[in-house]
Amino acid sequence: MRKVILLVVLVIIAMVCVGFAGMYTFTKAVYNEKGCDWANIDHIEMRTGSDIPPTIARNCDYNSVSNTRTARFELDMNQLDVISFVKNNGYQKLQSNQQMSVSDFIKGDFTDAELGKLQLYFRSDNRQDHSYRMLFDAASGELHVAIQYKK
């Protein structure tokens with residue numbers, strides 16, 4: 001009887017370990033996926049630590065020469081609380097060109113005064129294996145993302 005209980009416990013422990021190993025492998029595969037065909041939103045969320053709410057349309061491109069992924073999402077503004085989204089994801093109001101160049105994401109040259117009037121929010125970070133820039137246009141509902149991989 002003890003042998004049966006011990007065997008059952010060992011099988012359960014083995015199944016839990018296999019489950020954790022599978023989840024770890026899957027998560028690592030999503031994190032390392034640079035292309036746009038698989039796990040695009042999950043990859044960006046993992047790399048940026050930001051939530052991407054429901055989208056209506058999306059466009060993604062990976063440039064292997066520059067080792068950069070760019071993506072544009074049209075967010076479903078009917079399901080999005082803009083104030084909460086900006087606050088919960090650490091976006092800052094874009095006030096000047098010194099904070100972030102918007103020309104990579106939006107066509108046109110803007111003065112600091114013009115930028116201050118627009119509903120543009122940004123966040124960026126430089127991490128060990130990548131850097132990223134995100135620009136959210138609250139008026140149009142567009143979210144732009146650029147991730148530069150270092151490896």
Side-chain angles (χ1 to χ4, degrees), residues 12-151:
I12 291 172
I13 291 172
M15 288 174 54
V16 169
C17 289
V18 168
F20 278 120
M23 191 61 115
Y24 174 79
T25 302
F26 175 75
T27 304
K28 192 141 179 90
V30 170
Y31 186 82
N32 290 329
E33 176 62 37
K34 293 181 182 178
C36 295
D37 298 329
W38 179 70
N40 181 35
I41 291 176
D42 295 325
H43 174 83
I44 292 171
E45 288 177 334
M46 290 174 77
R47 290 283 183 155
T48 64
S50 177
D51 180 48
I52 297 178
T55 63
I56 296 171
R58 60 187 73 96
N59 185 12
C60 178
D61 179 57
Y62 173 68
N63 184 323
S64 59
V65 174
S66 64
N67 205 19
T68 303
R69 177 194 290 227
T70 55
R72 185 189 70 78
F73 301 97
E74 184 181 333
L75 304 182
D76 185 352
M77 297 300 281
N78 294 323
Q79 297 186 36
L80 181 64
D81 177 354
V82 172
I83 295 170
S84 294
F85 174 70
V86 167
K87 181 181 174 186
N88 294 340
N89 289 287
Y91 286 90
Q92 300 174 5
K93 176 89 167 86
L94 188 63
Q95 301 286 350
S96 76
N97 286 298
Q98 304 301 329
Q99 292 172 295
M100 185 170 123
S101 174
V102 299
S103 62
D104 294 340
F105 301 116
I106 301 174
K107 293 181 180 172
D109 293 323
F110 300 96
T111 65
D112 288 349
E114 292 171 328
L115 280 177
K117 293 177 185 175
L118 298 175
Q119 295 181 44
L120 299 176
Y121 299 88
F122 79 99
R123 66 178 281 172
S124 61
D125 196 8
N126 189 6
R127 297 183 177 178
Q128 183 177 357
D129 59 348
H130 68 281
S131 61
Y132 70 85
R133 295 173 298 135
M134 300 176 81
L135 181 70
F136 173 56
D137 184 342
S140 69
E142 288 187 359
L143 176 63
H144 302 269
V145 180
I147 300 174
Q148 172 72 53
Y149 304 98
K150 296 179 181 175
K151 298 177 184 179

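Along the sequence shown, the residues carry numbers beginning at 1.
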Quiz item: In Å and rounded to the nearest 0.5 Å, what is the CZ to CD1 distance from Phe73 to Ile56?
Solution: 13.5 Å
Self-check item: Pairs satisfying side chain to side chain donor-acceptor pair (under 3.5 Å), at least one member in residues 20-32, at least two apart
Solution: Tyr31-Asp129
Quiz item: At what distance, to the nearest 0.5 angstrom, does CG of Asn59 lie from CG of Asn40?
Solution: 9.5 Å
Practice problem: Output all residues satisfying side chain to side chain donor-acceptor pair (under 3.5 Å) with Asn63, sequence neighbours left out; order by chain, then residue number. | Solution: none
Practice problem: Show your working on side chain to side chain contact (heavy atoms under 4.5 Å, CB included) between Val18 and Met15 and close with a plain yes or no. | Solution: CA-CA 5 Å; Val18 168; Met15 288 174 54; 5.7 Å; no
Quiz item: Can you tell if the side chain of Tyr132 reaches within under 4.5 Å of the side chain of Ile44, non-hydrogen atoms only?
Solution: no
Exercise. Determine whether the side chains of Ser66 and Thr68 contain a donor N or O and an acceptor N or O closer than 3.5 Å.
Key: yes
Quiz item: Just wondering, do Asp51 and Asn88 contact through their side chains at under 4.5 Å, heavy atoms?
Solution: no
Exercise. Can you spot which of Asn89, Val145, Ile147 makes a side chain to side chain contact (heavy atoms under 4.5 Å, CB included) with Met134?
Key: Val145
Quiz item: Taking side chain as C-beta onward, heavy atoms only, is Lys93 less than 4.5 Å from Val86?
Solution: no
Self-check item: Non-neighbouring partners of Ala138 that pass side chain to side chain contact (heavy atoms under 4.5 Å, CB included), sequence neighbours left out
Solution: Val82, Gln119, Tyr121, Phe136
Quiz item: Sequence neighbours excluded, which residues qualify as side chain to side chain donor-acceptor pair (under 3.5 Å) partners of Glu142?
Solution: Arg72, His144
Quiz item: Among pairs that include at least one residue of residues 38-89, which meet disulfide bond (SG atoms under 2.5 Å apart), considering only residues two or more places apart or in two chains?
Solution: Cys36-Cys60
Quiz item: To the nearest 0.5 Å, what is the distance between CD (Gln95) and CG (Leu120)?
Solution: 10.0 Å
Quiz item: If you look at every heavy atom in Gln79 and Pro54, which pair is closest and at what distance?
Solution: OE1-CG, 3.5 Å
Quiz item: With Gln128, which residues qualify under side chain to side chain contact (heavy atoms under 4.5 Å, CB included), at least two apart?
Solution: none
Practice problem: Using atom types as modelled and distance alone, determine if a side-chain donor or acceptor of Arg133 lies under 3.5 Å from a backbone N or O of Ala146. | Solution: no
Practice problem: Just jot down the salt bridge (charged side-chain N to carboxylate O under 4.0 Å, His left out) partners of Arg127, sequence neighbours excluded, or say none. | Solution: Asp125
Exercise. Taking the side chain as every heavy atom from C-beta outward, state whether Asp137 and Leu118 have any atom pair closer than 4.5 Å.
Key: no
Quiz prompt | Non-neighbouring partners of Arg123 that pass salt bridge (charged side-chain N to carboxylate O under 4.0 Å, His left out), sequence neighbours left out | solution = none
Exercise. Sequence neighbours left out, what passes side chain to side chain contact (heavy atoms under 4.5 Å, CB included) with Ala39? Give chain and number order.
Key: Val30, Asp42
Exercise. Kindly state each residue pair satisfying ring pair (Phe, Tyr, Trp, His ring centres under 6.0 Å) with at least one member in residues 40-72, sequence neighbours excluded.
Key: His43-Tyr149
Self-check item: Rounded distance (nearest 0.5 Å) linking atom CD of Glu33 with atom CZ of Arg69
Solution: 6.5 Å
Self-check item: Results of side chain to side chain contact (heavy atoms under 4.5 Å, CB included) for Ala57 - residues two or more places apart only
Solution: Glu74
Quiz item: For Tyr91, what residues pass the ring pair (Phe, Tyr, Trp, His ring centres under 6.0 Å) criterion, not counting sequence neighbours?
Solution: Phe85
